[in-house]
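All figures in this text were calculated on a predicted structure; none of them were measured in a lab.
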Amino acid sequence: MTHRTPPTAGIAQQLVPFGQHPQRWERERARAARDGHVCGDAGCDPVLIRERTRWGWADWTVSVDGSLPDRPYRVAVFAPTATRTQRLGLRWLARRPGRRIEIGAVPVRTSTIVTAILSVVVATAAALHAVPLSIVLSAAALATMLVEHLPDRLDDRAGENIRIVEDEAACRYLQRLSALHTGIVQTAAGSDHYEIRRAVEIGHHQLFDAADLLRRHDTLSVSAELIARERLMVQLASQVIQQSGLVCSRSRR
């Protein structure tokens, strides 16, 4: 009799930040602590570390005592039907969040400040070479405005193909569902078997649809559907394990 590993056996490893690569979490946490961005006061904004995946990303909170967070602060799932151009936009959206500095009461991107300083330097050099001041100032102002506002416009456009959830109960559910899906993806890695690749596609659809559902409803009102989706994901994980085992046994013959 052949004993197969249950699909939920390795889920605990996927429930923590960066799953099979805990050293990445330690590096990111140490960087946040070194930069002085971790604050334990109630009035502080949470310091987040973004874990990017094939299906989206998860933002994890950095605690003062260095302990692992028990759930993501935010979960984002890419649309599985996105085109190549849309996927590039989604990758842009999944970039490391830009830092802002308070100038008076207005938060400004650090990149905007750097651009403004560089613009002054370039404007000074241009003035020395007899370039009209009106052209220099217009170009400097335009560059500063683009750096400050263009990322938000790109985020809005890319956001049409992503579902972002921040509710605590919803994030806990998506944490479990994404852990199952990540296990499916890792088991299917490198396989060109149709059933296995199809299971990955179905899992991504389930994850995206669940995120879309939880963005519009609380977990209690749609609990029956959420349970059904989680059971389906467990079944998919089991099927992928079985199919990958059959493929491996056939290749050895």
Over all heavy atoms of both residues, which pair between [X] and [Y] is shortest? Give the atoms and the distance, please.
X	Y	result
Leu207	Ser178	CD1-N, 3.8 Å
Val200	Ala188	CG2-CB, 3.5 Å
Tyr73	Thr61	CB-OG1, 3.5 Å
Thr53	Phe78	O-CE1, 4.4 Å
Trp60	Pro72	CZ3-N, 3.6 Å
Ala210	Leu174	CB-CD2, 4.1 Å

Do the side chain of [X] and the main chain of [Y] share a donor and acceptor less than 3.5 angstrom apart?
X	Y	value
Glu51	Ala58	no
Ser238	Val234	no
Gln175	Asp70	yes
Ser221	Asp218	yes
His181	His205	no
Tyr173	Thr219	no

Atom [atom1] in [X], atom [atom2] in [Y]: separation rounded to 0.5 Å?
X	Y	atom1	atom2	answer
Thr81	Glu201	OG1	CD	11.0 Å
Ile49	Arg27	CD1	CZ	11.0 Å
Arg163	Leu213	CZ	CG	11.5 Å

Beyond-backbone contact of [X] with [Y], side-chain heavy atoms, under 4.5 angstrom:
X	Y	answer
Trp57	Ile164	yes
Val75	Trp55	yes
Val165	Val77	no
Arg176	Leu180	no
Leu177	Glu230	yes

Is the shortest side-chain N to carboxylate O distance from [X] to [Y] below 4.0 Å?
X	Y	answer
Glu26	Arg29	yes
Glu28	Arg24	no
Glu225	Arg229	yes

Problem - Residue pairs fulfilling salt bridge (charged side-chain N to carboxylate O under 4.0 Å, His left out) with at least one residue in residues 72-83, sequence neighbours excluded - result: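 The answer is Asp59-Arg74, Arg74-Glu166.
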Exercise for the section: Mind checking side-chain hydrogen bond (donor to acceptor under 3.5 Å, both in side chains) for Arg71 and listing every partner two or more places apart, or none if nothing turns up? Expected result: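 Arg71: no side-chain hydrogen bond (donor to acceptor under 3.5 Å, both in side chains) contacts found.
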Practice task
Only counting residues at least two apart or in another chain, list the ones meeting side-chain hydrogen bond (donor to acceptor under 3.5 Å, both in side chains) with Gln239.
Solution key: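 Gln239: no side-chain hydrogen bond (donor to acceptor under 3.5 Å, both in side chains) contacts found.
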Exercise for the section: State whether the number of non-hydrogen atoms from other residues, nucleotides or ligands found under 6.0 Å of Arg231 atom CZ is greater than 12. Expected result: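 It does not: Arg231 CZ has 12 such atoms or fewer within range.
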Problem - ILVMFWY cluster, Ile227 and Val222 together (side-chain gap under 4.5 Å) - result: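 Shared cluster, no.
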Problem - Stepwise side-chain contact (heavy atoms from CB on, under 4.5 Å) test for Met233 and Ile184 - result: CA-CA 9 Å; Met233 194 72 86; Ile184 294 173; 3.9 Å; yes
